[in-house]
Amino acid sequence: MKRVRLGAGSGYWGDMLEPAVELAKHGQLDYLGFDFLAELTMSLLQRAKMKDSTKGFIPDIVPWMRTLLPITHAQGTKLVLNGGGTNCVAAADAVVAEARRAGLSGVRVAAITGDDLTDRISELRSAGVSLQNMEDPSRSIDEIADRIVAAHAYIGSESIIEALELGAEVVIGGRLADSAVYVGPLMHEFGWDFKNADWDLIGAAITVAHVIECAGICCGGMSSQWKNVPDPWNMGFPIAEFAADGTAQISKLPGTGGLINEWTIKEHLLYETHNPSDYRMPDGIADLTTVRVKDAGSNVVSLSDMSGKERPEMLKVQIGYTDGWIAEARVLIPFPDTLAKADRCEEIIRKRLDIIGLKPRDLRFDRVGIDALAGPLARWPRRDPQEIELRVAAHVDSREEAMQLTREVTHVTTLGPVGTAFGAPVRPREVIALWPTLVPRDLIPTSVLIEEVGSDVAIA
């Protein structure tokens, strides 16, 4: 029975490179996938592209491909990633340049475009798409229309499949759904398509992709079993061996840190899952409640009985828009009477804001180590802590207001209790808020452009 070996090389922008290198060298992989994106990343990358047309992709791509391509090219492993961000063509150019510097001839690099809807908002509305806010249907897109920074659709595997059929060795997408990075190679390898789809098999592919897409997290990272995870500083990233019958095994390289057992896998099955029986992705809907998870050896888990349903006709679109500024400052308060001193510092800051007439949209005070995470549910200590860091954060309308608030917090060092120290202020940052909506998939066509090292001709 045919099996395909997939490795997860990254779970986020800034992840560790060493586990990906180990997988490339020793994983005997058919594909190595990389997830680099988060919800806000696209807006940040779009702004970078607006300032410089050669940017807009995840900068990690360049040093990572410089390290990995000579290894994967020799091993015959193909790379699929969503790090193209808002400028997949520039990302592909950069990867081609790295392959050329390494003397690797014949490397085909594919760039996927079409997910960027930033300049198509008016067109979509004219076509009758309401762009209704999924979380608050009473809100109209009109209220943010002049503040939109970026709009990107979560697209599926179609263009990945097309790129692989055209012989791409590296496939670079933008807002590819995290799971598509792995579902696309499986559909290509097994000859599946969406017209005559076996939705249980596609659901199995989505389920396996969901397990491994965050790399080390299913290997004991972020786990309730953290006390039992050996050598997490040398974390091994997961390998999924997927069989044609829709079963799979999850493992990692021998000798690497981390832990894979049925509980680490079950934890990740529920990660970022609102409805386990209706896990919606662009390629299909996985039912995560049917999967059987079973330990199959040391750091090996088998997955079976996975299932799915037909893919949705609507694709999620995440619109980023500017929504004011965040001001943040910190005050360090020493023993004794730390709790009382923190209360006095908060009182001083609130009174100062009243005096100057600054009214933040939102204002919060956290006593770090006491209530910063639990808020009003926190258990108050019976004794004064040795020290308290009072964190002040505010949501304001402008950068000027953010700077003004930070300035007012500095005054507690001279107006407040003895020994109070003002920490270095955090640089004010603009808020990019998210507007989730849905757009019919037939209004979001994608395309593939392929460059080949050693050729001056682009292959469409």
Side-chain angles (χ1 to χ4, degrees), residues 37-51 56 82 85-87 113-156 173-180 272-275 278-283 285 310-328 357-364 393-402 405 428-446:
L37 300 179
E39 284 73 15
L40 287 175
T41 311
M42 302 303 286
S43 294
L44 300 177
L45 293 174
Q46 189 80 307
R47 288 201 152 179
K49 180 183 176 183
M50 290 170 64
K51 294 177 182 178
N82 62 10
T86 62
N87 202 345
T113 61
D115 62 297
D116 189 346
L117 307 181
T118 309
D119 296 327
R120 295 186 58 203
I121 298 298
S122 296
E123 173 195 340
L124 291 169
R125 297 193 70 186
S126 298
V129 181
S130 69
L131 301 177
Q132 184 180 64
N133 190 299
M134 293 171 61
E135 296 176 350
D136 186 355
S138 67
R139 298 179 66 187
S140 168
I141 191 71
D142 290 332
E143 69 180 77
I144 67 160
D146 61 344
R147 293 183 281 140
I148 292 175
V149 176
H152 290 84
Y154 286 73
I155 59 175
R175 187 53 279 188
L176 290 166
D178 304 351
S179 59
E272 293 185 339
T273 303
H274 295 289
N275 183 350
D278 193 58
Y279 184 66
R280 291 176 173 258
M281 289 289 109
D283 292 320
I285 301 172
E310 186 173 357
R311 63 181 180 171
E313 288 304 312
M314 305 289 281
L315 295 182
K316 182 179 179 180
V317 173
Q318 198 73 276
I319 300 174
Y321 63 97
T322 57
D323 191 33
W325 289 74
I326 293 292
E328 183 179 351
L358 180 55
K359 300 184 182 300
R361 297 194 209 174
D362 191 21
L363 176 65
R364 64 178 289 163
H395 187 184
V396 295
D397 290 327
S398 66
R399 188 177 189 278
E400 291 71 24
E401 287 182 325
L405 186 139
R429 56 193 185 275
E430 192 170 20
V431 176
I432 303 296
L434 297 177
W435 183 283
T437 189
L438 296 171
V439 172
R441 69 166 62 243
D442 59 5
L443 295 180
I444 309 175
T446 59

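Computed from a prediction, not measured in an experiment: that's the story for all the values here.
Contact check for Ile285 versus Pro312: side-chain heavy atoms found under the 4.5 Å cut-off. Counting only heavy atoms from C-beta outward, the side chains of Ile141 and Thr437 never approach each other to under 4.5 Å. Considering only heavy atoms from C-beta on, Ile155 stays 4.5 Å or farther from Pro282 through its side chain. Taking the side chain as every heavy atom from C-beta outward, Asn133 and Pro436 approach each other to under 4.5 Å. Considering only heavy atoms from C-beta on, Asp323 comes within 4.5 Å of His395 through its side chain. Side-chain contact check for Trp325 versus Val396: some heavy-atom pair is nearer than 4.5 Å. Residues Glu328 and Arg429 meet the side-chain proximity criterion, which asks for heavy atoms closer than 4.5 Å.
With rounding to the nearest 0.5 Å, the separation of CG in Leu45 from CG in Leu40 is 11.0 Å. Note: Thr322 OG1 to Ile144 CD1 = 9.0 Å, rounded to the nearest 0.5 Å. Interatomic distance, Met42 CE to Lys49 NZ, rounded to the nearest 0.5 Å: 9.5 Å. Here the straight-line distance linking atom CZ of Arg441 with atom OG1 of Thr446 works out to 10.0 Å at 0.5 Å rounding. With values rounded to the nearest 0.5 angstrom, Arg147 atom CZ is found 10.5 Å from Ile432 atom CD1. Note that CG of Asp115 is 10.5 Å distant from OH of Tyr154, once rounded to the nearest 0.5 Å.
The existence of a salt bridge linking Asp178 and Arg175 is confirmed by a sub-4.0 Å separation between a basic side-chain nitrogen and an acidic carboxylate oxygen.
When all heavy atoms are compared, the tightest approach of Ile444 to Ala153 is CD1-CB, 3.6 Å. Of all heavy-atom pairs between Leu438 and Val129, the closest is O-CG1, 4.0 Å. Between Ser138 and Asp136, the closest heavy-atom pair is OG-OD1, 2.5 Å. Across all their heavy atoms, Glu143 and Asp146 have their closest contact at O-OD1, 4.4 Å. Nearest approach of Ala151 to Asp116, heavy atoms of both residues: O-OD1, 3.5 Å. Taking each heavy atom of Leu176 and Gly156 in turn, the nearest pair found is CD2-O, 3.5 Å.
Using a distance-only test at 3.5 Å, with no hydrogens or angles considered, no donor-acceptor pair links the side chain of Trp435 to the main chain of Ile148. With hydrogens and angles ignored, the 3.5 Å screen pairs no side-chain donor or acceptor of His152 with any backbone N or O of Thr86. Side-chain N or O atoms of Ser43 include none that pairs as donor or acceptor with a backbone N or O of Val149 at under 3.5 Å.
Atom CG of Asp442 has more than 12 neighbouring heavy atoms from other residues, nucleotides or ligands inside a 6.0 Å radius. The number of heavy-atom neighbours closer than 6.0 Å to CE of Met50, taken from other residues, nucleotides and ligands shown, is 12 or below.
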